Amino acid sequence: MPHATQHADAAADATSAELDTALRGGPFHVALRAAIAARGLPLQRVQHHLSRHGVKVGVTSLSYWQQGARRPQRPESLRAVRALEEILQLPDESLIRLLAEPGGAAGDRAAGAVAGRSYRSLLAASGILEQLLGELECPLDGGLHTLGHHERVRIGSRRELLGRESQHIVRAHRDGVDRFVAVHHGDPGCAPERMTVHALENCRAGRIRRHHDTGVLVAELLFDTRLRAGDTFLFRYGVEDGTADVSREYVRDFGTAGGQYALQVRFDERAVPVRCHRFTQHSAAAPRGGRTELPLSGRHRSVHLVEPRVRSGMVGIGWDWD
């Protein structure tokens, strides 16, 4: 028995070492396969655990993921990956981080579909946003509380995210606030270096930072005055994008509760979706809820949602092209 125990311990150590190596260097499918092997779970059990987390993924998809034949990239699949980190007792962000790195042949969809990933879901894992904000010397608390935020998103004739315009009404909760830092997340395949920022009202563009791999742009908007605690201020800016592939949704992430939020998505007359819906999500790893079909205005080819008072989490509009 001691001899058998030594062999078992040696095998366990080898499996653990393989997992540690895979989590450090990837690629994703190797790390996932090693993690499942280390826990000794058949894929049917993994699927069962995922369903208990409110995430539905087929055994076939799980098999493809660990073989490297397909790569999780849809929001639903990324939620599954975060749940897998918990189920397989892995460090937070260990698998998601590997998805942010180059690699993988095909995505969730059949081979030949447009490759890409949910940059919004991967951004927190990459740490890039914190890095860019640090370069702008922007504290996590910018000193402003949002009273109202109205966004207008434009979808072009190629079904791409052409750009967006944001109008903010804010109140300062400390003295000396004279700027706002805007964050724009491009769709898969975007090129932040080709995006432009336009200061439209009561502000001017300052420093801009871009990160290609995560598709994020961070822009400093400078006010023409220094606000005192309690002062309100209104400003408007826009981001011209149009650099990515087909867009299928627009999501706004709120770190804290705030004021009213309104989102309008307008489509080019040559690219009108067959249906649209709104949704909410507590976090990138949580299942989506609050799905409600939205009527598409025939005259203006647009849909909208209004949140009278936003809560921490995510809210967005999605659409189906066919």
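Being a predicted model, the structure only gives us computed values, none of them experimental. Only this structure's heavy atoms are used, side chains among them; waters, hydrogens and symmetry mates stay out.
- In this structure, Asp320 contributes its side chain and Asp322 its backbone to no donor-acceptor pair below 3.5 Å.
- Surrounding CZ of Arg39 are more than 12 heavy atoms belonging to other residues, nucleotides or ligands, all under 6.0 Å away.
- A chain of hydrophobic side-chain contacts below 4.5 Å, direct or via other Ile, Leu, Val, Met, Phe, Trp or Tyr residues, connects Leu294 to Leu161.
- The main-chain N or O of Arg275 is never found under 3.5 Å from a side-chain atom of Trp321 such that the two would form a donor-acceptor pair.
- Applying the 6.0 Å contact sphere to CD of Glu86 captures no more than 12 heavy atoms from other residues, nucleotides or ligands.
- Criterion: ILVMFWY side-chain heavy atoms under 4.5 Å apart, direct or through other members. Under it, Leu222 and Leu227 are not part of a common hydrophobic cluster.
- Ion pairing between a basic and an acidic side chain is recognised when a charged N comes within 4.0 Å of a carboxylate O; Asp175 and Arg228 show no such pairing.
- Under the 4.5 Å side-chain contact rule for hydrophobic residues, Val272 and Val153 share a cluster.
- Looking only at distances, a side-chain donor or acceptor of Asn202 sits under 3.5 Å from a matching main-chain atom of Leu234.
- Sorted by first and then second residue, the salt bridge (Lys or Arg N to Asp or Glu O under 4.0 Å) pairs involving residues 289-298 (not counting sequence neighbours) are Arg291-Glu293.
- Between Arg210 and Glu193 there is no salt bridge, since none of the side-chain N atoms of the basic residue sits less than 4.0 Å from a carboxylate O of the acidic one.
- Put simply, the side chain of Met314 does not reach to within 4.5 Å of the side chain of Thr280, judged on heavy atoms.
- The backbone N or O of Gly258 sits less than 3.5 Å from a side-chain atom of Arg309, completing a donor-acceptor pair.
- With sequence neighbours excluded, the residues satisfying side chain to side chain contact (heavy atoms under 4.5 Å, CB included) with Arg33 are His29, Val30, Gln66.
- Within the 3.5 Å criterion, the main-chain N or O of Phe267 finds a donor-acceptor partner in the side chain of Arg301.
- A donor-acceptor pair is defined here as one N or O able to donate and one able to accept, closer than 3.5 Å; no such pair exists between the side chain of Arg152 and the backbone of Gln264.
- Taking the side chain as every heavy atom from C-beta outward, Val218 and Ile208 never approach each other to under 4.5 Å.
- Note: Phe254 and Tyr261 have perpendicular aromatic rings, judged against thresholds of 30 and 60 degrees for the angle between ring planes.
- Residues Phe233 and Leu200 fall into different hydrophobic clusters, defined by Ile, Leu, Val, Met, Phe, Trp and Tyr side chains chained together at heavy-atom separations under 4.5 Å.
- Between the side chain of Arg226 and the backbone N or O of Gly176, at least one donor-acceptor pair lies under 3.5 Å.
- Side chains of Arg164 and Ser166: a donor-acceptor N/O pair is present below 3.5 angstrom, by distance only.
- Under the 3.5 Å distance criterion, the side-chain polar atoms of Glu160 are matched with a main-chain donor or acceptor of Arg158.
- Panel note: side chain Glu85, backbone Glu93; a donor-acceptor pair is recorded below 3.5 Å.
- With salt bridges taken as basic N to acidic carboxylate O contacts below 4.0 Å, one links Glu240 and Arg154.
- You'll find the ring centres of His168 and Phe180 inside the 6.0 Å limit.
- Under the 3.5 Å distance criterion, the side-chain polar atoms of Ser247 are left unmatched by any main-chain donor or acceptor of Arg159.
- Tested against Leu305 for a side-chain contact (heavy atoms from CB on, under 4.5 Å), the candidates Val315, Val265, Thr292 yield a single pass: Val315.
- Residues Leu162 and Tyr250 fall into different hydrophobic clusters, defined by Ile, Leu, Val, Met, Phe, Trp and Tyr side chains chained together at heavy-atom separations under 4.5 Å.
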